[in-house]
Amino acid sequence: MTQSVRVRFAPSPTGFFHLGGARTALFDWLFARHHGGKFILRIEDTDRGRYHPDALPDLLGSLRWLGLQWDEGPDVGGSYGPYFQSDRAPLYQEHAERLIEEGKAYRCYCSPERLAAMREEQRATGRKPGYDGHCRELSQAQVAEYEASGIRPVVRLAVPKEGQTIFEDRLRGRIAVDNTELDDLVLLKSDGFPTYHLAVVVDDHLMEISHVLRGDEWLSSAPAHVLLYQAFGWPMPELVHLPVILDPSGKGKLSKRKVRGPGEVERLTFIHEFRAAGYLPEAMVNFLALVGWAYDAEREYFTRDELVQLFDLDRVSRSPSAFSYEKLDHMNAVYIRGLGDNDLATRIQQVLLGAGLDADFLTVLQFAPLVKERMRTLSDCIDMLGFAFSDSLDYEASLLIPKKSDEQGALAILMRTSEAVGQVEPFSHGAIEDTMRALSDSLGLKPRDMLGAVRVAITGRTVSPPLFESMEILGRERVQARIAGAIERLAKG
RNA sequence: GCCGCAUUCGUCUAGUGGCCUAGGACACCGCCCUCUCAAGGCGGAGAUCGAGGGUUCGAAUCCCUCAUGCGGUACCA
């Protein structure tokens with residue numbers, strides 16, 4: 001029988017969608033697309049305590065932004081629904097009930113307090129912590145007594161006390177764990193909701209999931225899941241535990257939000273933050289694909305289609321990898337440089353407008369090629385082009401004075417520039433450049449020294465897009481006005 | 001503590017017994033180009049392949065031990 005590939009991404013809506021989730025979702029998506037299978041989105045909202053109302057919209061928006069469209073799940077439906085676990089509660093209860101009837105699970109009436117005390121004692125006496133089986137073999141009378149007292153029980157899996165649980169991980173090979181290391185884990189909580197373990201197994205089976213790709217942090221609980229599959233008599237999906245993403249230092253897991261000491265930069269971790277910071281989704285996808293996967297020794301730039309075509313579990317790494325923000329920045333810059341002027345201008349205009357700048361498309365389009373190779377993220381354009389959309393520049397008068405010169409020198413430069421600007425014909429960057437160079441010559445200055453002053457006068461900054469082109473785009477009048485403003489500032493200053 | 005997983009330049013990685021005196025990329029340094037900043041070009045530094053034992057004519061690649069890191073050890077996912 002040819003089994004079709006069905007993979008699912010199953011986040012829980014407890015917080016914003018972050019890097020780790022995005023990488024897992026991307027691998028799920030790539031794997032599904034590569035094999036012509038289905039990519040399913042399932043929401044694991046069984047923890048009512050940690051539920052976060054903003055999480056779902058954030059997740060869906062981020063997935064769409066990255067271009068990871070799901071074939072089944074929220075908004076799109078599908079024939080294996082519902083896709084929210086909270087809507088599937090009866091299913092889990094039925095299945096738990098079935099295991100109880102078959103003697104493979106049992107009700108447990110222990111209070112959280114008793115369990116905590118038990119664990120504390122086990123730790124204190126150096127034994128391994130785990131449920132002691134107190135309720136595993138209760139008599140009829142004891143059960144009746146507990147039931148009468150109104151305690152709402154949980155359901156636990158009766159883990160075999162002997163033997164080993166053996167399974168195969170696609171990346172790590174055969175893994176064997178002694179059953180004595182496994183706990184009688186809770187399947188159904190006292191509120192009637194399933195734990196992750198029950199829900200994931202029931203749903204993956206019912207949804208006919210063929211491959212389970214998930215973070216390495218789940219590897220430890222995989223044996224328990226295997227036991228559950230065995231208890232139900234179901235075939236195992238293929239298990240693939242992906243390496244975790246580490247902090248850039250290479251030490252420690254990349255936390256969703258790490259509070260750092262003074263002087264240390266707080267890192268972006270949520271996908272919506274990357275979006276807001278001006279990263280291109282295509283760059284994010286390319287970069288994320290490389291976190292835990294590599295094609296060969298040389299190549300690291302891939303289009304989405306190439307990724308789909310080339311992605312292969314055999315080339316997924318087993319060891320955790322640090323997330324390099326510097327390399328992401330570099331890749332993002334490369335992607336920006338690869339954008340057409342029109343495309344770039346469209347994206348930049350949105351950023352500029354979002355920053356409250358009155359940016360018209362035509363001007364933005366003219367500036368696009370000038371800033372293209374200077375930007376690392378789209379939001380860099382706010383700093384770079386702010387001067388073009390506001391006539392009130394803010395800078396220190398002292399910046400107008402070239403090194404090895406003085407106020408008089410600066411004044412001379414500005415006056416002569418003003419004259420020259422008034423006469424250049426046409427007002428094009430080529431002509432402007434010619435006259436400005438001639439001017440620096442006649443002033444006995446090096447172009448770099450003189451142009452520094454003019455740059456500040458025109459842009460309010462010591463660093464800017466190419467000067468002559470910028471002047472051309474601004475136009476003669478605005479340039480004149482700015483030079484006049486600079487002269488005035490110098491006189492006051 | 002116990003269990004599991006991992007371990008190649010600072011970082012991401014290539015490498016599956018000889019092609020490796022270990023290749024590429026980011027970051028870093030120098031030079032060139034240059035109106036600033038970038039981009040680009042050229043060059044450089046940077047890894048005794050975690051350590052120690054084996055196996056083999058030959059090991060980053062296979063085996064064992066140790067160390068370190070990470071993960072798990074919840075009525076969280």
Side-chain angles (χ1 to χ4, degrees), chain A residues 10-14 44-47 49-50 108 110-112 115-116 119 122-123 126-131 152-156 169 171-172 175-178 180-183 185-191 193-197 199-200 214-223 241 243-244 246 248-253 287 290-301 315 317-331 333-334 337 370-376 380 384 433 436-437 440 446-452 454-456 459 461-468:
Chain A
S12 53
T14 53
E44 310 222 323
D45 55 349
T46 55
D47 186 347
R50 296 204 305 159
C108 169
C110 294
S111 67
L115 295 174
R119 270 192 288 270
Q122 287 167 334
R123 233 174 264 271
R127 283 173 297 155
K128 59 170 160 269
Y131 184 60
R152 305 186 59 181
V154 301
V155 175
R156 285 181 186 275
D169 180 88
L171 263 31
R172 297 155 213 282
I175 293 172
V177 178
D178 289 340
T180 51
E181 296 300 330
L182 271 21
D183 218 358
L185 80 170
V186 173
L187 265 22
L188 220 49
K189 306 178 221 176
S190 56
D191 64 5
F193 275 80
T195 58
Y196 170 80
H197 309 292
V200 78
R214 81 231 294 195
D216 188 35
E217 66 268 28
W218 293 107
L219 191 56
S220 314
S221 50
H241 288 94
V244 294
L246 265 26
S249 66
K251 305 176 180 69
K253 197 175 160 187
F287 189 76
L290 261 17
V291 179
W293 176 83
Y295 177 62
D296 67 7
E298 313 284 304
R299 191 158 173 220
E300 42 188 16
Y301 283 84
R315 300 202 57 85
S317 160
R318 278 176 298 273
S319 49
S321 44
F323 189 89
S324 170
Y325 288 85
E326 285 172 338
K327 195 158 179 173
L328 200 219
D329 279 354
H330 178 263
M331 184 169 274
V334 170
R337 271 177 252 143
L370 304 183
V371 293
K372 187 187 282 184
E373 64 194 25
R374 296 174 161 73
M375 294 194 297
R376 296 174 78 74
D380 286 342
M384 290 177 184
E433 175 160 10
M436 294 298 281
R437 286 191 186 282
S440 75
K446 285 190 198 162
R448 64 189 309 125
D449 292 328
M450 187 194 84
L451 294 174
V454 179
R455 184 186 310 283
V456 172
T459 69
R461 311 216 164 202
T462 54
V463 172
S464 81
L467 225 208
F468 311 123

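Chain letters run A, B, ... following the sequence lines, proteins first and then strands; every chain starts at 1.
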**Message:** Using a 4.0 Å heavy-atom cut-off, does A/R152 contact any base of the nucleic acid, only the sugar-phosphate backbone, or nothing at all?
**Reply:** nothing
**Message:** The test is side chain to side chain contact (heavy atoms under 4.5 Å, CB included); show your working for A/F323 and A/L328 and say whether it passes.
**Reply:** CA-CA 9 Å; A/F323 189 89; A/L328 200 219; 4.2 Å; yes
**Message:** Tell me which nucleotide, if any, is Watson-Crick or G-U wobble paired with B/U73 when both distances must be under 3.5 Å.
**Reply:** B/G1
**Request:** For B/G23 and B/U8, measure between their C1' atoms and round to the nearest Å.
**Result:** 12 Å
**Message:** Is there, by distance only and without an angle test, a donor paired with an acceptor across the side chain of A/S190 and the base of B/C75 below 3.5 Å?
**Reply:** yes
**Asked** Can you check the A/Y196 OH to B/U73 C1' distance for me, whole Å?
**Response** 17 Å
**Asked** What nucleotide among B/U13, B/G1, B/A27 has an atom nearest to a side-chain atom of A/P129?
**Response** B/G1
**Whole-angstrom distance between B/A6 and B/C62, as gauged at atom P** = 12 Å
**Asked** Taking the same atom, C1', in B/U34 and in B/G15, what whole-Å distance lies between them?
**Response** 41 Å
**Asked** In whole angstrom, what separates A/L467's CG from B/U34's P?
**Response** 17 Å
**Asked** Which is true for A/R461 with a 4.0 Å heavy-atom rule: it touches a base, it touches only sugar-phosphate, or it touches nothing?
**Response** nothing
**Asked** Within this structure, what is the CZ-to-P distance between A/R214 and B/C76, rounded to whole angstrom?
**Response** 17 Å
**Prompt:** According to the Watson-Crick and G-U wobble definitions, with both distances under 3.5 Å, which nucleotide is paired to B/G46?
**Reply:** none
**Asked** Base, sugar-phosphate, or nothing for A/T46, non-hydrogen atoms under 4.0 angstrom?
**Response** sugar-phosphate
**Message:** Taking the C1' atom in each of B/U21 and B/C9, what is the distance between them to the nearest angstrom?
**Reply:** 16 Å
**Request:** Considering only atom C1', compute the distance from B/U16 to B/G53 and round it to an integer number of Å.
**Result:** 23 Å
**Request:** Determine the Euclidean distance between corresponding C1' atoms of B/C64 and B/A45; express it in Å to zero decimal places.
**Result:** 37 Å
**Asked** Which nucleotide sits closest to the side chain of A/V186: B/C75, B/G72, B/C76?
**Response** B/C75
**Request:** Mark yes or no for whether A/D183, through its side chain, and A/Y131, through its backbone, hold a donor-acceptor pair below 3.5 Å.
**Result:** yes
Contacts under 3.5 Å, N or O only, protein and nucleotides 38-47 of chain B:
residue, atom, partner, partner atom, Å
B/A38, O2', A/E373, O, 2.7
B/A38, N1, A/E373, OE2, 3.0
B/A38, N3, A/E373, OE2, 3.4
B/A39, O4', A/E373, O, 3.4
B/A39, O3', A/R337, NH1, 3.1
B/G40, OP1, A/R337, NH1, 3.3

**Polar side-chain contact A/R50-B/C76 base: donor and acceptor under 3.5 Å** = yes
**Request:** Tell me which nucleotide among B/C35, B/A14, B/C5 gets nearest to the side chain of A/D216.
**Result:** B/C5
**Item:** B/G18 to B/U11 separation - P atoms, rounded to the nearest Å
**Value:** 27 Å
**Request:** Kindly point out which of B/U11, B/U36, B/A74 is positioned nearest to the side chain of A/S464?
**Result:** B/U36
**Message:** For A/S111 and A/E433, find the nucleotide of RNA chain B closest to each by heavy atoms; which residue's nucleotide sits nearer the 5' end?
**Reply:** A/E433
**Prompt:** Which part of the nucleic acid does A/L219 contact within heavy-atom distance under 4.0 Å: base, sugar-phosphate only, or nothing?
**Reply:** sugar-phosphate
**Asked** In terms of the nearest nucleotide of RNA chain B, which residue is placed more toward the 5' end: A/W293 or A/P466?
**Response** A/W293
**Request:** Return the value, rounded to whole Å, for the distance between atom CG of A/L451 and atom C1' of B/C35.
**Result:** 4 Å
**Message:** Applying a 4.0 Å non-hydrogen cut-off, can you work out what A/P11 is touching in the nucleic acid: base, sugar-phosphate, or nothing?
**Reply:** nothing
**Gap between atoms CZ and P, on A/F287 and B/A25 respectively (whole Å)** = 16 Å
**Prompt:** Counting side-chain heavy atoms from C-beta on, which of B/C3, B/G24, B/G72 comes nearest to A/E300?
**Reply:** B/G24
**Asked** Heavy atoms under 4.0 Å, any strand shown: does A/F468 hit a base, just sugar-phosphate, or nothing?
**Response** base
**Message:** From CZ of A/R123 over to P of B/G1, roughly how many Å is that when rounded to an integer?
**Reply:** 12 Å
**Asked** Whole Å only: how far is the CG atom of A/D296 from the P atom of B/A25?
**Response** 12 Å
**Message:** Which nucleotide wins on minimum distance to the side chain of A/W218, given the candidates B/C70, B/A77, B/U13?
**Reply:** B/A77
**Fill in**
Which of B/A77, B/C3, B/A14 is nearest the side chain of A/E181? It is B/C3
**Prompt:** If you check the A/T195 side chain, which of B/C76, B/U7, B/G23 turns out closest?
**Reply:** B/C76
**Request:** Classify the nucleic acid contact of A/R172 as base, sugar-phosphate or nothing, counting any heavy atom under 4.0 Å across all strands shown.
**Result:** sugar-phosphate
**Request:** Measure from the side-chain heavy atoms of A/V463 and tell me the nearest of B/C26, B/A77, B/U36.
**Result:** B/U36
**Prompt:** Which nucleotide, B/A74, B/G24, B/C76, lies nearest any side-chain atom of A/K327?
**Reply:** B/G24
**Asked** Atom CG of A/D329 and atom P of B/U11: how far apart are they, to the nearest Å?
**Response** 19 Å
